[in-house]
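Beneath this line is the structure, given in C-alpha cells, with notes to follow.
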Amino acid sequence: MSSFRSYEDPAQDIPTEDILEQFGSDPAPRRRHQLKYKNGECFVAEEDLVQNYPKQRSFHHSCNAGPLLHEAEAANSAVLSFDAYAEEDGIDEEVHRIRIFKINYHLNDDTVTVNEPFVDNTGYLHGRIFRRQKVPAPNRIGKPYIHWSDLNVGSDVNLFQTIYRITSCDGFTRNFLEEHGIKVNEDEELPEDPWLVRRRGVPRTAPKLPDQREFINRPPMLVYRCCWLDHMNDFHGCRMKRIFKMFVYCTDHTVALIEETKEFEGQLFLKRIAIPFPTQPEMPRRDYRWWDIRPGVWVDVFCRPMFVYECANDETKSFIRQQFGETDFANYSSQILEDGPPPTQFFNSPAILKFRCTMVDAPSVLYGLHFILEYDVNRRLVNISEEGRKTWTEGRVFLKDVDASTFSENQFAPGRILQFFKWRFNLVQSSLETDKYLRWKQTPSHK
C-alpha cells in the first residue's frame, strides 16, 4: 500500500466517532462573550460563569497575582452601586446645574469609582470622574478612608470636596447593606436640571419684546425697483428716466437688472454679475453685498447711479422692514434724481456701530458703570464690555457674540433701550463714525 494519501477517497476526510466524542462536531467552537461593560466597569454576563472562570496563571516569571486576565478578578469582586447627584449653585439656570452621577464601591479593595452619564450638548466633559481610588474621610480620626458603611440612600457623602446626594441603589447593594445591619432608606427622586427643562421648550417667565415675537428668515433673492436718469441716450440730449427691476441674490451677492421702462419692458439690461463697490483708487476692490442694497440707497452700477426706491414683492418688503425698519420711497420726488447721489454718501452701513450705554435697573455691583456696545452689522452680533478708565475705552467683557438677528439696524440709535437676556441697556451716545452715518440716514435724500 502506498504511503501517500489518496484524495480520491472522500471517506478519509470524515472524523471518526472517537474524535467526535472527544472534540464535538466543531473542534474549534467560537468563544462566547463572557464579560460585559456598564458605566465603565466590567461585569460577568452570566452568573454561572463566575465559578467556572478560567484561572490561567501569568506567563511572566515575576508575577504572582494569580489569573492572567484582569477580568477574572473583576468577575470575582462585588460592587455596590449607587445613583447620586451633585448640585452647582448659580444665579439662574445658565449657571445653576444638577449633574447625575453613578457611584460604585468595590468591596475587594475598598475603592470608589464615580462616572457621569453622557448628556448631549451640555458643554461638560462627561464620563469617568475618577476610578478605583481610596477616598479620604472628612474626619480621618479612627477611619482614614470612606467605608461602605458610610453610604446609604438619602444621605450626603463628601468625595474629594464634592458633595454627592445618594438617591437610590440597586437590589444587590440594598440586600448587602441590610444583611450587615444597615437600614436602607427609601429611594428619592432625582431633581430636574434647570438646563434640561429649558432645553425641552419650557417657556421662560420673561416675555419677549414686541419686535422679537416674529422672525422672518432671509429669502434667497431680494427684489427691488430702481431708477436711473440716462443722459447718454439717442433722444437729443434729454434725460430719460429708466426704471429697472433689480434682483439681488443673497447666496453669492450677484445682481441682475431687467428693464421696466415703457416700450422696453422685459429686456435684460444686466446679466447676473457681481457689481464692484465704488472706492478710492488706493483702496482694494470689493463688491456690493446683499445688505448694502435696500430702498433709499444709491447703487453705482458700472458708473450708472441708480436710486433704489421700493421693494418689488411682499417677501422682500417684510424682510427689509424687519432688518431696517420702514423703508418705502415709492413717493420720492424727481429732485432726488436730479441732484444725484450726495458726495458724502454712505454706500453701506459701517462694519461696526459703536455706542456708549448704561444699564437700566442695574444691581448694586453694576450701578453707575458705563458700557461700550458694538453692533456688527454684517454678522448681526453684539459685544458689550465695561468702559475703561478713559471714555470710549473697552475694559472687561460683559457679553460676547450675542445673536442680534431679531433686531433691526434702526433700533440701534441713541435714546433706545435694548434688552439682551435679562439685561437692559440704554444707548446714551454714539461714536463719531456711527454718528455721521446716523445723521446721513436722516438727510432728505435718504428719506
Side-chain angles (χ1 to χ4, degrees), residues 35-44 47 50 63-67 69-91 95-119 122-196:
L35 301 175
K36 63 180 180 180
Y37 286 88
K38 182 179 180 182
N39 295 328
E41 291 298 323
C42 180
F43 297 92
V44 179
E47 297 182 358
V50 177
C63 180
N64 297 320
L69 302 177
H70 68 279
E71 289 88 347
E73 298 181 358
N76 294 326
S77 63
V79 177
L80 305 182
S81 180
F82 300 89
D83 294 327
Y85 70 90
E87 190 171 359
E88 298 181 356
D89 295 333
I91 56 177
V95 183
H96 179 77
R97 299 295 304 275
I98 295 177
R99 303 174 64 177
I100 310 301
F101 296 93
K102 192 77 170 181
I103 300 177
N104 294 329
Y105 186 92
H106 305 272
L107 296 175
N108 61 337
D109 54 0
D110 294 327
T111 56
V112 179
T113 299
V114 177
N115 293 285
E116 183 177 8
F118 288 91
V119 180
T122 58
Y124 286 95
L125 294 177
H126 300 93
R128 182 185 302 166
I129 306 301
F130 60 89
R131 181 179 184 272
R132 305 201 71 153
Q133 296 187 25
K134 288 189 175 183
V135 182
N139 187 6
R140 305 190 65 178
I141 299 177
K143 186 170 56 175
Y145 299 105
I146 292 291
H147 192 252
W148 55 264
S149 59
D150 301 327
L151 306 177
N152 196 353
V153 177
S155 62
D156 298 334
V157 58
N158 188 342
L159 304 180
F160 296 114
Q161 302 304 318
T162 301
I163 306 299
Y164 297 89
R165 178 71 176 184
I166 301 177
T167 58
S168 63
C169 62
D170 59 1
F172 172 80
T173 303
R174 183 177 294 272
N175 295 333
F176 178 85
L177 295 178
E178 290 179 351
E179 290 176 358
H180 289 78
I182 298 177
K183 182 180 179 181
V184 182
N185 302 324
E186 296 295 331
D187 294 347
E188 297 180 355
E189 294 184 0
L190 288 172
E192 288 189 307
D193 188 359
W195 185 85
L196 294 177

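Pairing each heavy atom of A86 with each of I163, the nearest pair is CB-O, 3.7 Å. F160 approaches K134 most closely through the heavy-atom pair CZ-O, 4.1 Å. V153 and C169 make their closest contact through CG2-SG, 3.8 Å (heavy atoms, listed as atom of the first residue, atom of the second, distance). Across every non-hydrogen atom of R128 and N115, the tightest pair is CA-OD1, 3.3 Å.
Of the possible donor and acceptor atoms, one in the side chain of D150 sits under 3.5 Å from a partner among the backbone N and O of H147.
T173 is not listed as a side-chain neighbour of W148, based on a closest heavy-atom distance of 4.5 Å or more. The shortest distance between side-chain heavy atoms of R165 and E87 does not fall below 4.5 Å. Within the 4.5 Å cutoff, side-chain heavy atoms of I103 are placed close to those of L159. Counting only heavy atoms from C-beta outward, the side chains of V135 and F130 approach each other to under 4.5 Å. Side-chain contact check for F82 versus V157: every heavy-atom pair is 4.5 Å or farther apart. Using a 4.5 Å heavy-atom cutoff, the side chains of Y105 and T111 are not in contact. R174 places a side-chain heavy atom less than 4.5 Å from the side chain of D187. You'll find the side chain of I182 reaches within 4.5 Å of the side chain of N152, heavy atoms only.
Distance check: L177 CG to F172 CZ gives 9.5 Å after rounding to the nearest 0.5 Å. Distance CG/L190 to CD1/I98: 9.0 Å, rounded to 0.5 Å. We find the NZ-CD distance between K183 and E178 to be 10.0 Å, quoted to the nearest 0.5 Å. Atom CG in D170 sits 8.0 Å away from atom CG in D83 (nearest 0.5 Å). For the atom pair I129 CD1 and R99 CZ, the distance stands at 6.0 Å (nearest 0.5 Å). Taking CD of Q133 as the start and OG1 of T113 as the end, the distance is 8.5 Å to the nearest 0.5 Å.
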- Can you list the steps and then say if V114 with Y164 is a side chain to side chain contact (heavy atoms under 4.5 Å, CB included)? CA-CA 10 Å; V114 177; Y164 297 89; 4.2 Å; yes
- L107/F176 under side chain to side chain contact (heavy atoms under 4.5 Å, CB included): CA gap, chis, key distance, verdict: CA-CA 11 Å; L107 296 175; F176 178 85; 3.7 Å; yes
